[in-house]
Amino acid sequence: MRRKHHRPWTLSEVVKLVEGVAKYGAGRWSEIKRLAFASYSYRTSVDLKDKWRNLLRASFVQLPAEKGMQVQSSRKHASIPIPAPILLRVRELAEMQSQVPPSFSASKFAGHTGSDRSSVHE
DNA sequence: TTTAGGG
DNA sequence: CCCTAAA
């Protein structure tokens, strides 16, 4: 009875989703599902969008304190806490894809395009 | 059929 | 995750 119930997204799924968005772009769930998720029968466009939504929420929380909201580290329902590098990638992707509110874009002024310090090889 | 948003 | 609306 493998209906459509509990399907905990694993780290591999998240990585594939992030890599797919990073390569093809957010919103191309159909292509991502056809290419990166060709090995899986489940996970449709709706599921991909839903996971991305949840990923964004996980990426925007906890990093900078807005104005003083829920502290105490709200870890109520966190199945498998996504690693830092993944969350960082999601944030960068969301920022470059223009789906992130300008609330978090409050860093670097003379940093130009280079994210690293001495960008010799780019 | 796929994308986008809400429940 | 499931449902609905628009393209």
Side-chain angles (χ1 to χ4, degrees):
Chain A
M1 285 149 187
R2 298 100 204 165
R3 278 167 173 160
K4 209 80 166 292
H5 289 294
H6 299 151
R7 211 77 68 179
W9 275 69
T10 176
L11 189 40
S12 317
E13 307 295 307
V14 179
V15 170
K16 281 158 170 234
L17 182 52
V18 171
E19 296 236 305
V21 171
K23 197 163 177 67
Y24 310 107
R28 267 61 167 170
W29 318 119
S30 37
E31 298 299 288
I32 300 172
K33 176 193 153 75
R34 203 75 173 178
L35 288 151
F37 285 80
S39 316
Y40 300 85
S41 330
Y42 37 83
R43 253 55 129 159
T44 174
S45 327
V46 186
D47 292 88
L48 294 177
K49 205 208 89 66
D50 245 273
K51 221 284 171 300
W52 186 254
R53 245 259 225 92
N54 204 84
L55 276 171
L56 266 123
R57 266 224 2 192
S59 320
F60 296 147
V61 91
Q62 165 183 139
L63 272 105
E66 266 69 273
K67 273 148 181 86
M69 281 189 193
Q70 312 96 339
V71 201
Q72 296 143 8
S73 315
S74 340
R75 277 133 184 166
K76 201 59 195 285
H77 37 148
S79 350
I80 181 264
I82 294 103
I86 307 296
L87 290 169
L88 283 167
R89 190 100 70 88
V90 173
R91 253 181 92 234
E92 292 294 280
L93 281 162
E95 195 179 291
M96 81 181 283
Q97 237 84 222
S98 313
Q99 52 175 206
V100 50
S103 317
F104 293 93
S105 314
S107 317
K108 58 189 170 197
F109 291 91
H112 303 112
T113 35
S115 317
D116 40 70
R117 268 65 75 186
S118 320
S119 352
V120 190
H121 49 278
E122 211 168 300

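Note on naming: letters A, B, ... go to the chains in the order of the sequence lines (proteins, then strands), and numbering restarts at 1 for each one. Keep in mind that the numbers below use all heavy atoms, side chains included, and drop hydrogens, waters and symmetry copies.
- Within the nucleic acid shown, A:R43 comes within 4.0 Å of sugar-phosphate atoms alone, with no base atom in reach, counting heavy atoms only.
- Nearest approach of A:K33 to A:R43, heavy atoms of both residues: NZ-O, 3.6 Å.
- For the atom pair A:R28 CZ and A:S45 OG, the distance stands at 13.0 Å (nearest 0.5 Å).
- At least one donor-acceptor pair under 3.5 Å links the side chain of A:Q97 to the backbone N or O of A:L93.
- Nucleic acid contact class of A:W52 (heavy atoms, under 4.0 Å, all strands): none.
- Put simply, A:W9 and A:V46 are part of two different groups of oily side chains (I, L, V, M, F, W, Y) that touch within less than 4.5 Å, one to the next.
- A continuous path of ILVMFWY side-chain contacts below 4.5 Å connects A:Y42 to A:L35, so both sit in one hydrophobic cluster.
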Step-by-step side chain to side chain contact (heavy atoms under 4.5 Å, CB included) determination, A:K51 to A:L55 | CA-CA 6 Å; A:K51 221 284 171 300; A:L55 276 171; 3.8 Å; yes
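- Of the residues A:V14, A:I32, A:V90, the one that meets the side chain to side chain contact (heavy atoms under 4.5 Å, CB included) test with A:W52 is A:V90.
- Heavy-atom contacts of chain A under 4.0 Å fall on DNA chain B between two terminal nucleotides, which in 5' to 3' order are B:dT2 to B:dG6.
- A heavy atom closer than 4.0 Å to some atom of DNA chain B occurs in A:G27, A:R28, A:W29, these being the qualifying members of residues 13-29 of chain A.
- Within 4.0 Å of A:D50, counting heavy atoms only, lies at least one base atom of the nucleic acid.
- Among the heavy atoms of the strands lying under 4.0 Å from A:S30 are primed sugar atoms or P, OP1, OP2 only; no base atom is included.
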